[in-house]
Amino acid sequence: MINKSPKHTKVLILGSGPAGYTAAIYAARAMLKPILVFGAEPGGQLTTTTDVENYPGYSKVIQGPWLMEEMKGQAKAVGTEMIQDHIGKVDLSKKPFQAFGDSGQVYTADSIIISTGAQARWLNLKSEKEFRGFGVSACATCDGFFFKEKEVAVVGGGNAAVEEAMFLTKFASKVKLIHRRNELRAEKMLQAKLKSNKKIEIIWDTVVEDIIGTKDPKAVTGIKIKNVKDNKISELKVDGLFIAIGHDPATSVFKGQIKMDKEGYIITNPDSTITNVPGVFAAGDVKDKIFRQAVTAAGMGCMSALEAEKYLSDSK
C-alpha cells in the first residue's frame, strides 16, 4: 500500500539504540518534534545483552532490553513520534532529504540523524545463538568482568581479537586465542605484546565447530574445535567464548551519498557528529569503531541532536 502524502519532520532519526533514543530525547526537548524510524530489531545490540553493569546511574545489575525500553519510553514521553518501518532507500542529494520506507511511506526531513548502528559478525552456529548472552559474547569490555578466574576463548586474528584477548587477561585465568590461519593479521606490535603474555595461548589453524553448555542454568562449558589441516576435532573446556571477527556498520543504504571509510563507517568532523553532507549527522556505532559502548553512543546521540538544532536555527 502506497501512502501518497509524505511525512515531514525537522529531524528524522534513523535507527534506535542508545544513540537514536538519546538523540530523540534531546531533539524532542528542543521542541523539534522528531520522528524516529526503527527497524525489526529496536534497541540495537543492547537487546541481545543480558546483564549490564557499566551503564552509569544504576548500582545494581540491569538488563540490556529493559534499559532500551526505558530509553524508548523516555523519548516517547517527551514527544518523539516512533514508527516501525524499514528504510530501503534514501536521497541526501537535495533538501528536504527523503527516506523511503518498505511500507510505502516516504519521509521528508530538514535534517537527518543516522544512528543505524553496527552488528558484530558471528560464526553463524545454532549453538552460538543459543548461548549468546550466556557465555557467548562479542564484547570483552562489556562482559569480561563476568569471567573472573575462569578460562575463556577468543576467535579471530585481527587487531580486535588480539586486543580482546589481552583485555580478558585482566579477569580470566587463561585465554585461548583461536585463529583459522597460521599467522595473525594484527599489527606486529600488538602481536608481540600478545605473545609475551603468559596467560594467552594461541591455537593455530583452527575453527570453532560447536559450543557446548548446560540448559539449566544456561551456561557455556566448552567448545568443539577443528584443525583445518588434519580435520581433527577436539573439545576444549572453557567458560566463555568471545567472537572478535569484526563488525559491520549498517550503512549500505547511504553508500555513495555520504563520506565513509573503507569498512563502511561514516566519517564525521573531529569531536562532532557532522558529516560531509550539511544537515546529516551520524551518531553511535555507525561512526565509532573504537569504543562501541552504550554510554559513548548515548553521548553522541546527545551531540547529534544539539548539532542538528544549531544547524536548523542557522538555516532559518
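Here the structure is a predicted model, which is why all the values come from computation and not from measurement.
Contact of the K259 side chain with the I266 side chain is not registered, since no non-hydrogen atoms from C-beta on lie closer than 4.5 Å. Side-chain atoms of K150 and F171, non-hydrogen and from C-beta on, never get closer than 4.5 Å to each other. K289 is not listed as a side-chain neighbour of P249, based on a closest heavy-atom distance of 4.5 Å or more. Two residues are said to be in side-chain contact when any heavy atoms from C-beta on lie closer than 4.5 Å; R185 and H179 meet this criterion. Using a 4.5 Å cut-off on side-chain heavy atoms (C-beta onward), N276 and I258 make contact. Looking at V280 and L92, their side chains come closer than 4.5 Å, going by heavy atoms from C-beta outward. At least one side-chain heavy atom of L236 sits less than 4.5 Å from a side-chain heavy atom of I178. Counting heavy atoms from C-beta on, the side chains of R180 and T206 never come closer than 4.5 Å.
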*side-chain contact (heavy atoms from CB on, under 4.5 Å) between V208 and E128, intermediate numbers included*: CA-CA 10 Å; V208 174; E128 173 189 57; over 6 Å; no

_Quick one, E81 with K33, criterion salt bridge (Lys or Arg N to Asp or Glu O under 4.0 Å). Give me CA distance, side-chain angles, the key distance, then yes/no._
CA-CA 7 Å; E81 186 180 348; K33 295 182 179 161; over 6 Å; no

_side-chain contact (heavy atoms from CB on, under 4.5 Å) between E309 and S111, intermediate numbers included_ = CA-CA 9 Å; E309 183 188 6; S111 68; over 6 Å; no

*Could you go step by step and tell me if N159 and E187 meet the side-chain hydrogen bond (donor to acceptor under 3.5 Å, both in side chains) rule?*
CA-CA 7 Å; N159 284 357; E187 292 163 9; 3.1 Å; yes

*asked:* Using the rule given for side-chain contact (heavy atoms from CB on, under 4.5 Å), can you reason through N182 versus K229, listing the C-alpha separation, both sets of side-chain angles and the distance that settles it, and then say yes or no?
replied: CA-CA 10 Å; N182 62 358; K229 290 202 163 159; 4.2 Å; yes

*asked:* Go through it in stages, so that I can follow the logic: the residues are N54 and V295, the test is side-chain contact (heavy atoms from CB on, under 4.5 Å), and I'd like the CA-CA distance, side-chain angles, deciding distance and then a yes or no.
replied: CA-CA 8 Å; N54 57 4; V295 69; over 6 Å; no

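A donor-acceptor pair under 3.5 Å is formed between the side chain of D261 and the backbone N or O of Y265. Side-chain atoms of D210 never come within 3.5 Å of backbone atoms of K224 as a donor-acceptor pair (strictly under, hydrogens ignored). Looking at T116, its side chain does come within 3.5 Å of a backbone N or O of A250 through a donor-acceptor pair. In terms of modelled atom types and a separation under 3.5 Å, the side chain of K199 and the main chain of T169 share a donor-acceptor contact. No donor-acceptor distance shorter than 3.5 angstrom exists from the side chain of T9 to the backbone of L12, with no hydrogens or angles considered. Between the T275 side chain and the V277 main chain, a donor and an acceptor come within less than 3.5 Å of each other. A distance-only check finds no donor-acceptor pair linking the side chain of K60 to the backbone of E53 [under 3.5 Å]. Without hydrogens or angle criteria, Q105 side chain to G101 main chain gives no donor-acceptor distance under 3.5 Å. Formation of a donor-acceptor pair under 3.5 Å by the N227 side chain with backbone atoms of K232 is not found in this model. A donor-acceptor pair is defined here as one N or O able to donate and one able to accept, closer than 3.5 Å; such a pair exists between the side chain of S304 and the backbone of G301.
For the pair K72 and F38, the cation-pi test (distance below 6.0 Å, angle within 45°) is passed. Geometrically, K7 does not engage Y107 in a cation-pi contact defined by less than 6.0 Å to the ring centre and at most 45° from the axis. A cation-pi arrangement is found for K89 relative to F100, the charged atom lying closer than 6.0 Å to the ring centre and inside a 45° cone about the ring normal.
What you find for S115 and G20 is that their closest heavy atoms are OG-CA, 3.2 Å. The two residues G156 and L184 have their closest heavy-atom pair at O-CD2, 4.4 Å. For the residue pair A165 and L177, the shortest heavy atom distance occurs at CB-CD1, 4.4 Å. Here the closest non-hydrogen pair linking T296 and F291 is OG1-CB, 3.9 Å. The two residues E164 and T141 come nearest to each other via the heavy atoms OE2-N, 4.4 Å. Listed here is the closest heavy atom pair of A138 and A120: CB-CB, 3.6 Å.
For D314 and K310, the salt-bridge test passes: some basic side-chain N is under 4.0 Å from an acidic carboxylate O. Residues D248 and R121 are paired through a salt bridge, judged by an N-O separation under 4.0 Å between the basic side chain and the carboxylate. Between E151 and K237 there is no salt bridge, since no side-chain N of the basic residue sits under 4.0 Å from a carboxylate O of the acidic one.
Only one option out of T268, I267, I114, T251 pairs with K287 in a side chain to side chain contact (heavy atoms under 4.5 Å, CB included); it is T268. Screening E70, E69, M71 against Y21 for a side chain to side chain contact (heavy atoms under 4.5 Å, CB included) leaves a single residue, M71.
Rounding to the nearest 0.5 angstrom, the gap separating the CD atom in E163 from the CD1 atom in I290 is 9.5 Å. Taking OG of S315 as the start and NZ of K10 as the end, the distance is 12.0 Å to the nearest 0.5 Å. The CD1 atom of I274 lies 9.0 Å from the CE atom of M303; values are rounded to the nearest 0.5 Å. The distance from atom CG of L36 to atom OG of S16, rounded to the nearest 0.5 Å, is 6.5 Å. The distance from atom NZ of K226 to atom CD of E209, rounded to the nearest 0.5 Å, is 4.5 Å. Interatomic distance, S137 OG to R132 CZ, rounded to the nearest 0.5 Å: 10.0 Å.
Taking hydrophobic clusters as Ile, Leu, Val, Met, Phe, Trp and Tyr residues chained together by side-chain heavy-atom distances below 4.5 Å, I212 does not share a cluster with V136. Residues I35 and Y26 do not share a hydrophobic cluster, defined by chaining ILVMFWY side chains whose heavy atoms lie under 4.5 Å apart. In this structure, I202 is not a member of the same hydrophobic cluster as I225, with clusters built from ILVMFWY side-chain heavy atoms closer than 4.5 Å. Taking hydrophobic clusters as Ile, Leu, Val, Met, Phe, Trp and Tyr residues chained together by side-chain heavy-atom distances below 4.5 Å, M166 shares a cluster with V154. Linking Ile, Leu, Val, Met, Phe, Trp and Tyr whenever their side-chain heavy atoms come within less than 4.5 Å puts I223 and L123 in one cluster.
Within the structure, ring-ring contact (aromatic ring centres under 6.0 Å, His included) contacts touching residues 195-247 (residues at least two apart or in different chains) are F147-F242.
In the displayed structure, N269 atom CG is contacted under 6.0 Å by more than 12 heavy atoms of other residues, nucleotides or ligands. For E130, the CD atom is densely surrounded, since the number of other residues' heavy atoms within 6.0 Å is greater than 12. Under a cut-off of 6.0 angstrom, the local environment of NZ in K174 is crowded, with over 12 non-hydrogen atoms contributed by other residues, nucleotides or ligands. Within a 6.0 Å radius of NZ in K76, no more than 12 heavy atoms belonging to other residues, nucleotides or ligands are found.
A donor-acceptor contact closer than 3.5 angstrom links the side chains of T273 and E307.
With sequence neighbours excluded, the residues that form a side-chain contact (heavy atoms from CB on, under 4.5 Å) with A28 are P34, V78, T80.
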